[in-house]
**Q** 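Got a structure for you, questions after.
Here is how names work: the chains are called A, B, and so on, in the same order as the sequence lines, proteins then strands, and each is numbered from 1. Scope of the values below: all heavy atoms of this structure, side chains included, with no hydrogens, waters or symmetry mates.
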Amino acid sequence: MSPQRTYSQTQPSLWKARLTLATRSLRQSWTLFLATRIGVIGLAIIAFYALLAAAHPILMMFVWEERVYDPVVGYAFEETRQPAPPSLKHPLGTDPLGRDVLSQLMFSARSEFMLGLLAALVTVSIGTIVGAVSAYFGGVVDAVLMRLADIMIMLPVISVLVVLSALIGVEHFELAIIIGIVSGFGATGVVLKSQALSVVVKPYVEAAKTAGGGHVHVIFVHVVPNLLPLSFLYMMFTVTGAIFSEAVLSFLGLLDVRMSWGLMIHVTESAGYLLQVTEYWWLIFPASLSITLLCSSFYLVGRSLDEVVNPRLRQL
Amino acid sequence: MAHYLVKRSAQILLTLFVFLSLVFFIVNAQPGDVSSFYALNPDIPPETRERMQDLFGVNDPLWKQYLVHVRNTFTGNFGVSFSHYPRTVADIIRERLPRTLALFLTASVISFYLGFALGKIIAWRRGGWTEYTSTIGGVTLYTVFTPWFGLMMIWLFAFRAGWFPIGKFLDPVLWRDAPTDANAIFNRMILSAIVVSIAVFALFAVTAKRRMAHSRLIRIGGLALSALAVAAAWFATGTGYLAWDILKHMILPVATLTLISFAGTMLLTRNSMLETMREDYVMAARAKGLPEKDVRDRHVARNALLPIVTSFVFSLAFAVDGGVIIEQIFSWPGMGQTLVSAALTEDLPLAVGAFVFVGVFVLIAHLAADILYVYLDPRIRY
Amino acid sequence: MHYMTRAGAVRAVDGVTFSVERGQSLGLVGESGCGKSSIAISLLKILPDSARILSGSILLEGVDILPLSEDEMREYRWKRISMVFQAAMNSLDPVYRVGDQIIEALELHVGSAPSEAVERVRELYDLVGLNHSFIPRYPHEYSGGMKQRAIIAMALACEPAIIVADEPTTALDVIVQDRILREMRKVRDALDMSMIYISHDMAVIAEVSDVVGVMYAGRIVEFGETKDVFENPIHPYTRALMSAFPSVTGEKRELATLPGEPPNLLAPPSGCRFHPRCPYATEECRSQPPPTVRRGVHWADCWNPPEDQSP
């Protein structure tokens, strides 16, 4: 029997066993997660914004007239003065350019989610591979990757993005990739490496190596799966960072995006309504609060996952 | 200890080179050369443009350009600013760096002190009402949208209450007939701040060593006395009102930056304390019959400090970014605001110059944290 | 004493009574998790937040320390009762010099001036056999055995009436362990203090204690003079423990290992707590708490004690 045949036979059962274990620990973790309370609050906020994001295309298709409610080029013709205060037709009023604030808010929620998800995926893919490779090979590979990580950790991301925006046009996609690279090669990679160090010394990794498994095989089949829970935790923190950076940059007017929460405040600022907080509250609060809430919700979920993963923080 | 510090310094120097290479790579990945940015500005005469081409060696091979880039960094020669023509980048940075340092260092010291003290207390009273509110408050401050938070601070304390000026560095009306220019005054202010800090630090060191009975009284008294002496000196020279004006402009941004960064330290201190409290030597300290306060401060907090200093490097990038945002919101003419406005006007030499300085600043802070760590942890010292 | 956990209250120590005379040394022996260390930290009232002493009394020179406030209790700690910790490696604060950590206790309780305190630390180092040059050094510069000696020196600093030693030699190799045990016995005899010696190692207990209590699942199941307990054990658990360890005198015999694990104290077994693992268990053992069998001061809780073989 060739070694390849053995692999293809054992692999499904290995994954099946892993899946059973995963579901069992998942159920256990879920109970612990629910007990942390802050995580539940975070999850509720995320669900709320996910609903808003999902509802937007439906509303645009069936309820809202496009030339009035389009978040970028719409105009509230029936209002005599812009920005108009909240009304039945425009529950959160309109912005200085006559666009519906609620529609902008809901439209932006979707792009924030996509941005956060993309940045988190890039971060975790890079971070997991960097961590696993660095721990598995050690030596020069480890040294080079960790020096690089030192730089990435010290890079003030927003300042980097500010400079980059002067050089190249930064949109959501570039933003997500840059954040993913900085965080994946940086802090996330380092944390996952320290976890991977405890994995590579496990007997089954040694066994897989002795059985003739190639480096790639051992890393992806035996090391990486054991890093996934922690990776998931760090995805949450990356999402917070990505949404925050996006909001700051578009608030500063440095991002080439059509609409986002940060841009909504930027428009308010350029039109000179920034300090009329009580008179024009709908121009400032919905967007600012949304940024804060969504950022903190992912942070809270991350924190409570941290408590689930790291029992030393738990209260007895 | 020397071995450790040399090793760390070498690593940081290496990091600096990689960082400079990254900057070089990013700038050179653009179509055209640096001088083509100058071509867009009609105010800049062609001679200047040629001088720039010489300075950056754009016609040389790439490796030579790289060496020129490194040399320019070390000599502080970043060319002529495009939006502040004809001022050089170095000149602008020389003016603005102290302003940023003053803002950033003051806020960092206060926020560290407060965050550590509060984190200590909430970790000690686990599960209580205090912990709940401060954790919620801490998380809110930690994740709040910084520009909005700064805005609310301005609106509340400057716009509505009128206690502070709305942003900027000074009040131009007040300074119209001023005998000296703002930079001279500001440099003198920094000098007095350094003198006071050294005096206070010496006082703390002396009282800590002797474990005197009235150490708290002596410390507070000394602090008040030195502050009073400095204030008296300022008013004696007749420029006190100008210094006061700058100070007034500084309070709100410092307070905002402090509030934002103190939450991170507080949450971190809490976690670090909770982990340290499980150590055996803490139980031993308690068994020795030490009062709770001594157990907490001398044994738990002292050891909990170590991971906090380590993670200072992690939080540094966060704090620098916070500083950039706060400077922009408060129109505080420091490095952060320079960076943002340079990016907005596509003033590439200034943006790169400011960014390199931000990077160098982070590296120096990293080295400072290393030295502090050596001082705090005897296991490394020997 | 109970530990409050998410799953309910754990009765770590339950209905334990013993007393130690001045100059006497008591050994507590049992498997890990049977409540030995819980007794130790209860005696100094340095319980973690999750633990409570629900009832009982701890008399120290006639004073019940349980109702004492934290402030009053601090006066007793170290001065009257001190402790040698289980993990000597980690019981010294890594950021302070060892000498300073001993002086810290001295200044607090004896109120000695700095120069006197240093002199006293020198005496203590002589007593436990440590070189004076190590006084101003940090814990990481000490070897394991030296840390243990330093910890003992620290425990002796204020001349307490009683020392609780919780597995003081477990982490050390046998030779160092033996030397430190001898050292401790010498010090105890010289200073005429009482000692409570806690270990899972029967051989160690046999060497250092005058009386011994065997603990199982939060209770003392057998108690008596060391000689009686070791020569004529009554409780099956004691017998099992003794056969689980090789005899120091080199007598060759089968090493019996004790099957099973100590019970879950969230729900202790009914009747005799040892019955699930006891080879002699009967119906009575399962349902009824065992009676106390007394042979002089030597006693044990068991339904089926063996014949008295003592002459």
Side-chain angles (χ1 to χ4, degrees), chain A residues 38 41 147-148 150-168 182 186-187 190 240-241 243-245 247-248 251-254 261-262 265-266 269 274-278 284-285 287-300 303 306 310 312-313 315, chain B residues 11-12 14-15 18-19 22-23 26-27 29-30 126-127 135-136 139-140 142-149 151-152 154-156 159-160 166 267 271 274-275 278 313-314 316-321 323-325 328 336 339-340 342-348 351-352 354-355 358-359 362-363 366:
Chain A
I38 53 166
I41 297 172
R147 275 296 79 67
L148 187 65
D150 271 357
I151 299 178
M152 292 300 181
I153 287 168
M154 283 186 283
L155 276 186
V157 186
I158 290 178
S159 311
V160 172
L161 288 166
V162 165
V163 173
L164 281 179
S165 71
L167 291 163
I168 52 172
V182 170
V190 172
T240 301
I243 295 176
F244 187 86
S245 313
V248 169
F251 163 74
L252 295 176
L254 288 166
W261 291 336
I265 311 173
H266 177 68
E269 191 198 19
L274 208 50
L275 279 180
Q276 277 144 295
V277 174
T278 38
I284 298 157
F285 281 90
S288 312
L289 272 179
S290 295
I291 298 164
T292 305
L293 280 176
L294 203 57
C295 279
S296 41
S297 64
F298 278 102
Y299 176 77
L300 289 177
R303 270 285 297 270
D306 205 6
N310 180 2
R312 285 203 289 176
L313 294 176
Q315 196 162 8
Chain B
Q11 273 176 6
I12 282 173
L14 184 75
T15 312
V18 178
F19 169 72
L22 270 177
V23 173
I26 291 167
V27 172
Q30 300 313 302
R126 200 86 227 253
T135 310
I136 294 282
V139 170
T140 312
Y142 189 67
T143 55
V144 73
F145 184 45
T146 317
W148 179 54
F149 182 68
L151 196 68
M152 285 296 122
I154 295 180
W155 180 73
L156 209 64
F159 190 72
R160 290 299 290 271
I166 301 174
L267 297 174
N271 282 359
L274 289 180
E275 296 212 351
R278 300 181 170 216
V313 176
F314 283 82
L316 198 61
F318 179 82
V320 167
D321 279 340
V324 170
I325 297 166
Q328 181 67 16
L339 188 71
V340 173
L344 279 171
T345 54
E346 304 206 328
D347 182 350
L348 195 65
V352 170
F355 182 63
V358 169
V362 170
L363 283 174
H366 191 170

**Q** Which class fits the ring pair A:Phe251 and B:Phe145: parallel under 30°, tilted 30 to 60°, perpendicular over 60°?
**A**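 Perpendicular, since the angle between the ring planes exceeds 60°.
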
**Q** Can you tell me which of A:Val157, A:Ile243, A:Leu293, A:Leu148 forms the most heavy-atom pairs within a distance under 4.5 Å of chain B?
**A**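 Heavy-atom pair counts peak at A:Val157.
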
**Q** Could you tell me the separation between the CG atom of A:Leu275 and the CD1 atom of B:Ile154, rounded to the nearest 0.5 Å?
**A**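 It comes to 6.5 Å.
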
**Q** With a 4.5 angstrom heavy-atom cut-off, is it the side chain or the backbone of B:Ile12 that approaches chain A, or both, or neither?
**A**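 Neither part.
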
**Q** Under 4.5 Å heavy-atom distance to chain A, tell me which part of B:Val324 shows up: side chain, backbone, both or neither.
**A**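 Looking at B:Val324, just its side chain touches chain A.
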
**Q** Can you tell me how far the NE2 atom of B:His366 sits from the CE atom of A:Met154, to the nearest 0.5 Å?
**A**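 Taking NE2 in B:His366 and CE in A:Met154, the distance rounds to 5.0 Å.
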
**Q** Please classify the contact of B:Val358 with chain A as side chain, backbone, both or neither, using a heavy-atom distance under 4.5 Å.
**A**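 Answer is side chain: those atoms of B:Val358 sit under 4.5 Å from chain A.
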
**Q** Taking all non-hydrogen atoms of both residues, which atom of B:Leu344 and which atom of A:Gly253 are closest, and how far apart?
**A**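 Closest approach of B:Leu344 to A:Gly253, heavy atoms only: CD2-O, 3.9 Å.
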
**Q** If you look at every heavy atom in B:Val144 and A:Thr292, which pair is closest and at what distance?
**A**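 Smallest interatomic distance, heavy atoms only, reads CA-CG2, 3.5 Å.
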
**Q** Please find the pair of heavy atoms, one from A:Pro156 and one from B:Val362, that lie closest to each other, and give the distance.
**A**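 For A:Pro156 versus B:Val362, the nearest heavy atoms are CG-CG2, 4.4 Å.
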
**Q** Using 0.5 Å steps for rounding, measure from the OG1 atom of B:Thr140 to the OH atom of A:Tyr299.
**A**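 These two atoms lie 10.5 Å from each other.
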
**Q** So how far is it from A:Leu252 CG to B:Leu339 CG, rounded to the nearest 0.5 Å?
**A**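 Reported value, rounded in 0.5 Å steps: 10.0 Å.
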
**Q** With a 4.5 angstrom heavy-atom cut-off, could you sort out which part of A:Leu164 is near chain B: side chain, backbone, both or neither?
**A**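 Interface part for A:Leu164: side chain.
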
**Q** Show the nearest heavy-atom pair for residues A:Val162 and B:Ala343, with the distance to one decimal.
**A**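 In this case the closest contact between A:Val162 and B:Ala343 is O-CB, 3.3 Å.
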
**Q** Using non-hydrogen atoms and a 4.5 Å limit, figure out which bit of B:Tyr142 sits close to chain A: side chain, backbone, both or neither.
**A**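 Just the side chain, heavy atoms under 4.5 Å.
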
**Q** Does a side-chain heavy-atom distance below 4.5 Å link A:Ile265 with B:Pro147?
**A**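 They are not in side-chain contact.
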
**Q** Looking only at heavy atoms and a cut-off of under 4.5 Å, which of A:Gln276, A:Glu269, A:Arg147 has the most pairs with chain B?
**A**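 Among the listed options, the one with the most contacts to chain B is A:Arg147.
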
**Q** Just how far is it from atom CZ of B:Phe19 to atom CG of A:Asp150, taken to the nearest 0.5 Å?
**A**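 Rounded to the nearest 0.5 Å, the CZ-CG separation comes to 14.0 Å.
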
**Q** My understanding is that only one of B:Leu14, B:Thr15, B:Leu363 makes a side chain to side chain contact (heavy atoms under 4.5 Å, CB included) with A:Ile151; could you say which?
**A**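 With A:Ile151 as partner, side chain to side chain contact (heavy atoms under 4.5 Å, CB included) holds for just one option, B:Thr15.
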
**Q** What part of A:Leu300 gets within 4.5 angstrom of chain B, counting heavy atoms only: side chain, backbone, both, or neither?
**A**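 Side chain only.
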
**Q** If you draw a 6.0 Å radius around CZ in B:Arg160, do more than 12 non-hydrogen atoms from other residues or ligands fall strictly inside?
**A**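 Check fails, neighbour count at 12 or below.
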
**Q** So what's closer than 4.5 Å to chain A heavy atoms on B:Leu316: side chain, backbone, both or neither?
**A**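 Neither part, no heavy atoms under 4.5 Å.
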
**Q** Side chain, backbone, both or neither: which part of B:Thr146 has a non-hydrogen atom closer than 4.5 Å to chain A?
**A**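 Its backbone and side chain both get close to chain A.
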
**Q** If you round to the nearest 0.5 Å, how far is CH2 of A:Trp261 from CH2 of B:Trp148?
**A**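 If I round to the nearest 0.5 Å, the distance is 13.0 Å.
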
**Q** Using a cut-off of under 4.5 Å for heavy-atom pairs, which of B:Phe159, B:Phe355, B:Trp155 has the most such pairs with chain A?
**A**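 The residue among B:Phe159, B:Phe355, B:Trp155 with the greatest pair count is B:Trp155.
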
**Q** Just so I understand: if I count every heavy-atom pair under 4.5 Å between each of B:Val23, B:Ile325, B:Ile166 and chain A, which residue has the most?
**A**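 Heavy-atom pair counts peak at B:Ile325.
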
**Q** Using non-hydrogen atoms only, which part of A:Thr278 is less than 4.5 Å away from chain B: side chain, backbone, both, or neither?
**A**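 Contact with chain B is through both the backbone and side chain of A:Thr278.
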
**Q** Looking only at heavy atoms, which two atoms of A:Leu155 and B:Ala317 are closest? And how far apart?
**A**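 Reported closest heavy-atom pair: O-CB, 3.4 Å.
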
